[in-house]
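Owing to the predicted nature of the structure, the values given are computational and were not obtained by experimental measurement. When a ligand or atom number is given, it counts from 1 through the structure's own listing order.
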Amino acid sequence: MDTKDSSPLAQLSEEALAIKLDPTLLPKHVAIIMDGNGRWAELRRLPRIAGHREGIKSVREMVSGCLELGINALTIYAFSQENWNRPVQETSSLMGLLEYYLSTERTKLIEQGVRLRMIGRLDALPASARRWALATEQDTSHLDKLHLTVALSYSGRTEIVDAVRELLQEVQDGKLQPDDVDESRIQQYLYTHELPDPDLLIRTSGETRISNFLLWQLAYTELYFTPILWPDFRRRELLLALLEYQRRERRFGRVLSAVSS
Ligand code: IPE
Ligand code: IPE
Ligand code: MG
């Protein structure tokens with residue numbers, strides 16, 4: 001009765017979808033490009049910030065969904081370095097929203113056992129937002145039920161530039177030889193050095209690009225693109241993405257089909 005076509009799944013209830021999931025085949029790390037907030041608002045003739053605000057509810061559902069399923073790491077792209085090129089009205093509302101999220105969510109994150117980390121050029125953030133970010137990181141640093149990483153003022157290329165600079169400094173200081181540089185060494189200098197690479201990347205809103213997110217880490221990640229706009233991406237949509245992930249055969253360059261058929 002199992003089908004290769006994912007559309008019949010759309011008819012199932014959320015609980016039926018949850019039951020279909022194989023708990024032994026869940027991704028350990030899910031990354032999400034949360035896109036489409038502006039379009040969600042424009043469709044309702046609302047200001048773009050209304051879409052960003054509604055998108056916070058989706059973030060909450062992703063956090064509770066990962067905790068419920070036992071997914072240990074969730075990395076969300078909240079603001080790219082390129083997003084600074086948006087009108088200042090939008091960027092300052094977004095920074096305000098970030099502060100609001102951190103200040104109102106901190107207690108709940110602690111109760112839930114969530115460790116929060118920020119990655120990106122945080123020095124570009126307004127001082128008060130940065131203070132909230134650092135305080136929340138500190139207050140949750142002992143927790144490990146879910147590693148929630150928020151990419152803010154983030155650029156995948158800048159992350160690699162920063163890693164190369166640190167490596168060159170080590171070489172210059174005589175602590176490292178060029179021959180010591182291999183993939184695992186580079187990985188140690190990335191912002192995400194404490195996390196495994198994502199198993200699944202979700203991008204909402206119908207765009208099928210990476211937009212400078214986790215360029216190194218996504219080398220063998222399964223990509224899932226959906227037309228759903230971020231504020232509409234809730235638990236049910238997460239379950240659908242996970243079911244699709246479980247249909248994929250991850251080969252990492254090898255030949256596996258002889259084993260599975
Ligand atoms: C994603 O939604 C959130 C950020 C990039 C900050 P957008 O604001 O990009 O929404 P669209 O893509 O314009 O609909
Ligand atoms: C990517 O979305 C960045 C975030 C979701 C934070 P964008 O809306 O900025 O990406 P592009 O411009 O469509 O590639
Ligand atoms: Mg967008």
Side-chain angles (χ1 to χ4, degrees), residues 29-63 66 73-102 104-105 116-126 128-130 132-133 148-162 190-192 195 198 200-218 221-234 237-238 241:
H29 183 182
V30 175
I32 308 182
I33 302 177
M34 312 185 288
D35 198 13
N37 294 350
R39 278 163 281 171
W40 184 94
E42 279 154 25
L43 281 170
R44 289 161 181 78
R45 298 179 192 283
L46 294 168
R48 291 175 58 85
I49 191 67
H52 297 312
R53 212 175 284 129
E54 189 67 17
I56 290 185
K57 296 182 189 163
S58 301
V59 171
R60 291 196 185 107
E61 286 207 16
M62 292 312 107
V63 168
C66 287
L74 172 66
T75 298
I76 54 178
Y77 202 6
F79 193 84
S80 70
Q81 226 167 49
E82 291 77 16
N83 288 149
W84 288 116
N85 296 320
R86 293 188 180 195
V88 72
Q89 195 194 353
E90 178 161 348
T91 56
S92 48
S93 316
L94 274 165
M95 291 302 131
L97 208 56
L98 167 70
E99 256 188 81
Y100 166 80
Y101 174 79
L102 291 171
T104 54
E105 218 68 8
L116 185 83
R117 286 189 188 85
M118 307 284 167
I119 54 169
R121 287 269 175 97
L122 295 192
D123 48 4
L125 300 183
S128 54
R130 197 168 58 241
W132 274 112
L148 173 63
T149 305
V150 182
L152 273 173
S153 192
Y154 173 89
S155 147
R157 286 188 171 174
T158 303
E159 178 179 28
I160 293 171
V161 168
D162 286 349
L190 296 176
Y191 304 154
T192 54
L195 296 168
L200 170 65
L201 171 80
I202 296 169
R203 181 168 188 152
T204 58
S205 89
E207 310 300 348
T208 47
R209 54 180 169 261
I210 298 300
S211 300
N212 208 0
F213 192 41
L214 302 177
L215 296 179
W216 174 280
Q217 298 87 336
L218 295 178
T221 301
E222 293 297 327
L223 309 179
Y224 178 84
F225 297 106
T226 169
I228 303 287
L229 302 174
W230 177 248
D232 293 326
F233 194 94
R234 298 291 164 88
E237 296 300 328
L238 175 65

| field | Test log, rule salt bridge (Lys or Arg N to Asp or Glu O under 4.0 Å), inputs R39 and E207 | value | CA-CA 12 Å; R39 278 163 281 171; E207 310 300 348; 3.0 Å; yes
| query | Taking it one step at a time, do H29 and T75 satisfy side-chain hydrogen bond (donor to acceptor under 3.5 Å, both in side chains)? | reply | CA-CA 8 Å; H29 183 182; T75 298; 2.7 Å; yes
| task | Go through the steps to decide whether T192 and L214 satisfy the test side chain to side chain contact (heavy atoms under 4.5 Å, CB included), and finish with yes or no. | result | CA-CA 9 Å; T192 54; L214 302 177; 4.1 Å; yes
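Judged by a 6.0 Å distance limit and a 45° cone about the ring axis, R44 is positioned over the six-membered ring of W40.
Heavy atoms of Q81 found under 4.0 angstrom from ligand 2: none, in either backbone or side chain. For E42, no heavy-atom contact with ligand 1 is shorter than 4.0 Å.
For residue D35, an N/O/S atom approaches the Mg ion (ligand 3) to within less than 2.8 Å.
Taking a cutoff of 4.0 Å between a charged side-chain nitrogen and a carboxylate oxygen, E237 and R234 do not qualify as a salt bridge. Using a cutoff of 4.0 Å between basic side-chain nitrogens and carboxylate oxygens, R203 and D35 are scored as salt-bridged.
From the protein, the heavy atom lying nearest to atom 14 (O) of ligand 2 is S211 OG, 2.6 Å. Shortest contact from atom 10 (O) of ligand 1 to any protein heavy atom: G38 N, 2.9 Å. From the protein, the heavy atom lying nearest to atom 2 (O) of ligand 2 is R203 NH2, 3.6 Å.
When only modelled atom types and interatomic distance are considered, Y154 and Q81 share no side-chain donor-acceptor pair under 3.5 Å.
Below 3.5 Å of separation, one finds no N or O of E207 facing any N or O of ligand 2. In terms of polar-atom proximity, S80 is not counted as a contact of ligand 2, lacking any N or O under 3.5 Å from an N or O of the ligand. In terms of polar-atom proximity, A78 is not counted as a contact of ligand 1, lacking any N or O under 3.5 Å from an N or O of the ligand.
Taking the six-membered ring for Trp and thresholds of 30 and 60 degrees, W84 and F79 have ring planes more than 60 degrees apart, a perpendicular arrangement.
Taking each of F213, Y154, Y77 in turn, the one with a heavy atom nearest to atom 4 (C) of ligand 2 proves to be Y77. Closest to atom 8 (O) of ligand 2 by heavy atom, among N212, N37, D35, N83, is D35.
Within ligand 2, counting atoms from 1 as listed, the ones closer than 4.0 Å to a heavy atom of R209 are 11 (P), 13 (O), 14 (O). Listed by number with element, the atoms of ligand 1 under 4.0 angstrom from any heavy atom of R39 are 11 (P), 12 (O), 14 (O). Heavy-atom proximity to F79, at under 4.0 Å, picks out these atoms of ligand 2: 6 (C). Proximity to M34 (heavy-atom distance under 4.0 Å) selects the following atoms of ligand 2: 5 (C). Ligand 1 places these atoms under 4.0 Å from at least one heavy atom of R86: 5 (C), 7 (P), 8 (O), 9 (O).
The shortest separation from a heavy atom of G36 to ligand 1 is under 4.0 Å, placing the residue in contact.
Nearest heavy atom pair, residue Y191 against residue E159, reads N-OE2, 2.9 Å. The two residues T91 and N83 have their closest heavy-atom pair at CG2-O, 3.4 Å.
There is no protein heavy atom closer than 4.0 angstrom to atom 12 (O) of ligand 2.
Of the possible polar contacts, one joining the S58 side chain to the W230 backbone as a donor-acceptor pair under 3.5 Å is found.
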